[in-house]
There are 2 protein chains.
Amino acid sequence: MMYSIIETLKKNQLSITDSRKKILELFVKAKGALAHADIEHQSGTEFDRVTIYRTLQTFVEKGIIHTIPTSDNSVRYALCKDACTEGHHHDNHVHFMCDVCGTTYCLDNITTPDVKLPEGFRSTQTDLVVSGVCAKCAN
Amino acid sequence: MMYSIIETLKKNQLSITDSRKKILELFVKAKGALAHADIEHQSGTEFDRVTIYRTLQTFVEKGIIHTIPTSDNSVRYALCKDACTEGHHHDNHVHFMCDVCGTTYCLDNITTPDVKLPEGFRSTQTDLVVSGVCAKCAN
DNA sequence: AATATTTTGCAACAATGTTGCAATGTTGTA
DNA sequence: TACAACATTGCAACATTGTTGCAAAATATT
Ligand SMILES: [Mn+2]
Ligand SMILES: [Mn+2]
Ligand SMILES: [Zn+2]
Ligand SMILES: [Zn+2]
């Protein structure tokens with residue numbers, strides 16, 4: 001599977017800038033999800049902190065990345081592999097956080113279950129986050 | 001059902017202080033979950049911000065309240081109704097966040113499902129958060 | 001009531017996130 | 001390629017959230 005940085009940016013009507021190319025590249029290469037701080041470290045002093053915030057926000061709005069609700073309430077982001085479009089995410093997959101290495105995985109082929117809610121409650125989104133030990137840290 | 005503030009504090013070997021009584025009372029009276037800011041507002045200038053942080057931390061450690069992972073990554077707390085003990089939480093119920101009124105509900109009698117994880121992954125905790133519109137805001 | 005222990009408030013700091021605005025970079029057109 | 005229109009960036013300044021050390025105050029123990 002190929003992922004073209006430039007193509008993705010163009011497809012979403014975003015102008016091609018150094019920060020967008022670099023940050024999107026980090027996501028494509030990343031094994032798991034990235035926190036804002038990860039990006040700040042991995043891109044050195046290349047970009048201003050504010051630019052990273054704004055770029056992440058733009059990517060989320062465009063449906064290029066999605067946020068992950070973590071049990072420690074820190075914000076993480078990962079590439080959308082589903083057909084997400086502007087203002088319309090479809091990332092209904094389970095997430096896994098390793099307590100040992102801290103990696104957050106998108107379990108893309110495990111979909112979130114339907115939950116039977118009490119009378120009168122209507123669901124628009126379901127997030128399922130599992131914590132534990134990942135395969136790499138299992139030994 | 002009765003909930004004795006003092007009893008709960010004693011049972012957990014915590015000394016009885018004004019802040020602990022007040023903050024625990026806020027949780028007992030609250031409909032949904034509380035954020036740190038909620039407590040800060042509802043208790044006026046009675047206690048220092050730091051005291052609230054420390055009290056919440058203590059309550060979580062003792063198994064009196066539990067944290068809730070929310071889709072907007074803000075920290076919320078709610079009373080443990082299950083038999084949680086020091087360092088051992090059993091709050092395996094679903095949470096619901098209303099997009100309209102912002103209330104976070106503990107759906108105490110809807111338990112989180114078992115998720116079949118990939119080979120080698122081991123789960124220690126499962127959090128399921130549903131967003132949508134609650135019964136009160138349904139009209 | 002006196003002492004030992006715990007908790008609190010304060011100050012100082014660190015981390016995270018937001019906004020306005022001028023300078024810079026990008027894009028489409030000539 | 002050069003220009004104008006437009007979008008993005010970096011900087012500064014600020015707000016919010018969370019952490020730590022320590023002396024003063026409150027609570028528990030004797
Ligand atoms: Mn994901
Ligand atoms: Mn709960
Ligand atoms: Zn791991
Ligand atoms: Zn509601």
Side-chain angles (χ1 to χ4, degrees), chain A residues 4-26 33-62 64-77 86 102 104, chain B residues 4-26 33-62 64-77 86 102 104:
Chain A
S4 165
I5 308 276
I6 306 271
E7 277 303 304
T8 303
L9 293 176
K10 277 188 182 162
K11 208 173 292 175
N12 287 281
Q13 297 151 58
L14 292 173
S15 37
I16 317 294
T17 69
D18 289 347
S19 50
R20 286 176 181 165
K21 278 189 286 182
K22 177 70 181 185
I23 292 174
L24 186 46
E25 194 187 2
L26 287 177
L34 296 175
H36 179 277
D38 295 327
I39 296 166
E40 211 170 328
H41 296 146
Q42 290 182 39
S43 63
T45 57
E46 211 168 339
F47 313 111
D48 194 84
R49 230 159 42 81
V50 178
T51 301
I52 298 176
Y53 279 114
R54 291 198 268 228
T55 303
L56 290 172
Q57 198 176 294
T58 303
F59 284 0
V60 169
E61 282 164 6
K62 289 293 187 176
I64 299 173
I65 61 176
H66 61 277
T67 58
I68 301 172
T70 62
S71 46
D72 68 340
N73 283 288
S74 65
V75 189
R76 308 223 175 173
Y77 305 86
E86 181 147 5
T104 301
Chain B
S4 165
I5 308 278
I6 306 271
E7 277 302 304
T8 303
L9 293 176
K10 277 187 181 163
K11 208 173 295 175
N12 287 280
Q13 297 152 58
L14 293 173
S15 36
I16 318 293
T17 68
D18 289 347
S19 50
R20 286 175 180 166
K21 278 189 287 183
K22 177 71 181 186
I23 292 174
L24 186 47
E25 194 187 1
L26 287 178
L34 296 175
H36 180 277
D38 296 327
I39 295 165
E40 211 171 328
H41 296 144
Q42 291 181 38
S43 63
T45 56
E46 210 168 339
F47 313 111
D48 193 85
R49 230 160 42 82
V50 179
T51 301
I52 298 176
Y53 279 114
R54 290 198 268 229
T55 303
L56 290 172
Q57 198 177 295
T58 303
F59 285 180
V60 170
E61 281 164 7
K62 291 292 188 177
I64 298 173
I65 61 177
H66 62 278
T67 58
I68 302 173
T70 62
S71 46
D72 67 340
N73 282 288
S74 66
V75 190
R76 307 222 174 174
Y77 304 86
E86 180 149 5
T104 303

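In what follows, chains are A, B, ... by sequence order, proteins preceding strands, each numbered from 1.
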Within this structure, what is the [atom1]-to-[atom2] distance between [X] and [N], rounded to whole angstrom?
X: B/Ile52; N: D/dT17; atom1: CD1; atom2: C1'; value: 13 Å
X: A/Ile39; N: C/dG17; atom1: CD1; atom2: P; value: 11 Å
X: A/Leu9; N: C/dG25; atom1: CG; atom2: P; value: 18 Å
X: A/Lys21; N: D/dA7; atom1: NZ; atom2: P; value: 20 Å
X: B/Ile23; N: C/dG9; atom1: CD1; atom2: C1'; value: 14 Å
X: B/Asp48; N: C/dA11; atom1: CG; atom2: C1'; value: 10 Å

Under 4.5 Å between any side-chain heavy atoms of [X] and [Y], yes or no?
X: B/Thr67; Y: B/Leu56; value: no
X: B/Ile39; Y: B/Phe47; value: no
X: A/Ile68; Y: A/Tyr77; value: no
X: B/Lys10; Y: B/Ile6; value: yes
X: A/Leu14; Y: A/Lys62; value: yes

Check your understanding: For B/Glu46, which contact category applies under a 4.0 Å heavy-atom criterion: base, sugar-phosphate, or nothing?
Key ->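 If one applies the 4.0 Å heavy-atom cut-off, B/Glu46 turns out to touch the sugar-phosphate alone, with no base involved.
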
Practice item. Indicate, with a heavy-atom threshold strictly under 4.0 Å, whether B/Glu40 touches base, sugar-phosphate, or nothing. Key: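 Nothing: the residue B/Glu40, judged by heavy atoms under 4.0 Å, touches no strand.
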
Check your understanding: Bend across the helix from C/dA1-D/dT30 to C/dA30-D/dT1, to 10°, with axes taken over 5 pairs at each end?
Key ->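 Terminal axis comparison yields 30°.
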
Check your understanding: Can you name the nearest heavy-atom pair linking B/Arg20 to B/Phe59, along with the distance?
Key ->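 Smallest heavy-atom distance, with atoms named: O-CZ, 3.7 Å.
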
Check your understanding: Going by atom types only, do B/Thr70 and B/Arg76 share a side-chain donor-acceptor pair under 3.5 Å?
Key ->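 Their side chains do not contain a donor-acceptor pair, so the 3.5 Å distance test is not met.
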
Review point. For every nucleotide of nucleotides 18-30 of chain D, 5' to 3': is a protein heavy atom under 4.0 Å from its base (B), only from its sugar-phosphate (S), or from neither (-)?
Key: BBBB-----SS--

Exercise for review: Could you say whether A/Phe47 or B/Ala37 is positioned toward the 5' end of DNA chain D, judged by the nucleotide with the nearest heavy atom to each?
Suggested key: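 Closest to the 5' end, via its nearest nucleotide, is A/Phe47.
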
Practice item. Mind jotting down which residue pairs meet the side-chain hydrogen bond (donor to acceptor under 3.5 Å, both in side chains) criterion with at least one end in residues 34-58 of chain B? Sequence neighbours excluded, please. Key: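 Output for this query lists B/His36-B/Glu40.
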
Point to revise | Audit row: B/Lys21, B/Asp18, side chain to side chain contact (heavy atoms under 4.5 Å, CB included) steps and yes/no | key: CA-CA 5 Å; B/Lys21 278 189 287 183; B/Asp18 289 347; 4.0 Å; yes

